[in-house]
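The residues of the chain are indexed from 1 along the displayed sequence.
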Amino acid sequence: MFTRVPDCMIAALEHFFSFTFHDAQLYSICADFAARTLTFDVACMHRQCDSQGEVLLEEYRRGRLVLRGLEYFRFDPDENLELEIFDSPETISEFLAEDPDAMPQDLPAEQPDGVVSYRVYFFSWNCFLHLAVREAEFVWTEPPRFSAWNILETITRMRSRIADKISPVGDVDPSWQG
């Protein structure tokens with residue numbers, strides 16, 4: 001599934017796909033300067049809800065966020081940052097629209113029409129990524145491991161398997177060892 005959001009509203013993407021970038025796991029960032037794109041390979045918390053919005057299941061699921069029409073991006077690392085190679089993905093603690101009043105002085109507080117600026121905070125690195133883009137696109141890169149349908153189907157199969165092994169009077173069939 002894929003969607004393009006013309007105004008680059010990350011909140012709209014999160015709502016559409018029922019996930020959040022908060023506490024997402026970052027596997028890679030790729031900048032294509034010629035194409036003016038920034039691509040994030042992430043695992044996001046995906047929620048499956050019922051028709052009333054009640055959460056049935058939550059799971060991390062891999063996806064790709066492609067930001068197009070890149071105006072700028074910049075890391076603001078901690079002064080004491082020592083980049084290390086980790087065996088696990090980095091945690092995105094927040095992915096929020098920039099507050100124009102709290103932006104670094106050397107970044108433009110106002111953007112051209114159709115451009116939205118964001119800040120992304122990385123927990124282990126203790127640094128921000130500031131970026132401004134025109135368009136966002138998100139696609140899941142792996143299927144859900146579980147779904148409400150899969151769970152119901154599994155429970156139904158387990159119940160019928162157990163029911164087949166129980167005699168009408170309630171005794172367990174001795175040939176069944178599972």
side-chain contact (heavy atoms from CB on, under 4.5 Å) assessment of R68 paired with R134: CA-CA 6 Å; R68 290 191 170 80; R134 292 188 178 276; over 6 Å; no
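Side-chain contact check for M45 versus F21: every heavy-atom pair is 4.5 Å or farther apart.
Residue pairs satisfying the salt bridge (Lys or Arg N to Asp or Glu O under 4.0 Å) criterion with at least one member in residues 114-124, sequence neighbours excluded, are listed as follows: E94-R119. The side-chain hydrogen bond (donor to acceptor under 3.5 Å, both in side chains) contacts involving residues 33-43 comprise R36-E71, D41-R62, where partners must be two or more places apart or lie in separate chains.
If you take CZ on F40 and CG on L131, they are separated by 5.5 Å, rounding to the nearest 0.5 Å. With values rounded to the nearest 0.5 angstrom, L67 atom CG is found 8.5 Å from Y118 atom OH. Note that CZ of F73 and NE2 of H130 are 13.0 Å apart. Values are rounded to the nearest 0.5 Å.
In the hydrophobic clustering of ILVMFWY residues, with side-chain heavy atoms under 4.5 Å counting as a link, L129 and V66 come out apart.
More than 12 heavy atoms of other residues, nucleotides or ligands shown are found within 6.0 angstrom of CZ on F75.
In this structure R74 satisfies the salt bridge (charged side-chain N to carboxylate O under 4.0 Å, His left out) test together with D76, D106, sequence neighbours excluded. Residues forming a salt bridge (charged side-chain N to carboxylate O under 4.0 Å, His left out) with D113 (at least two apart in sequence, or on another chain): none.
Between W125 and F122, the ring-plane angle classifies as tilted under the 30° and 60° cut-offs.
In this structure, R61 does not pair ionically with E142, as no charged nitrogen and carboxylate oxygen lie closer than 4.0 Å.
As a member of the Ile/Leu/Val/Met/Phe/Trp/Tyr network built from side-chain separations under 4.5 Å, Y121 groups with F128.
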Hey, can you pull the donor-acceptor pairs under 3.5 Å for the side chains in residues 24-33, sequence neighbours left out?
from : atom 1 : to  : atom 2 : distance (Å)
Q25  : NE2    : D23 : O      : 3.3
D32  : OD1    : A34 : N      : 3.2
D32  : OD1    : A35 : N      : 3.0

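H22 contributes a side-chain N or O that, together with a main-chain N or O of S93, makes up a donor-acceptor pair within less than 3.5 Å.
The minimum heavy-atom distance linking Q111 with A132 is given by the pair OE1-CB, 3.8 Å.
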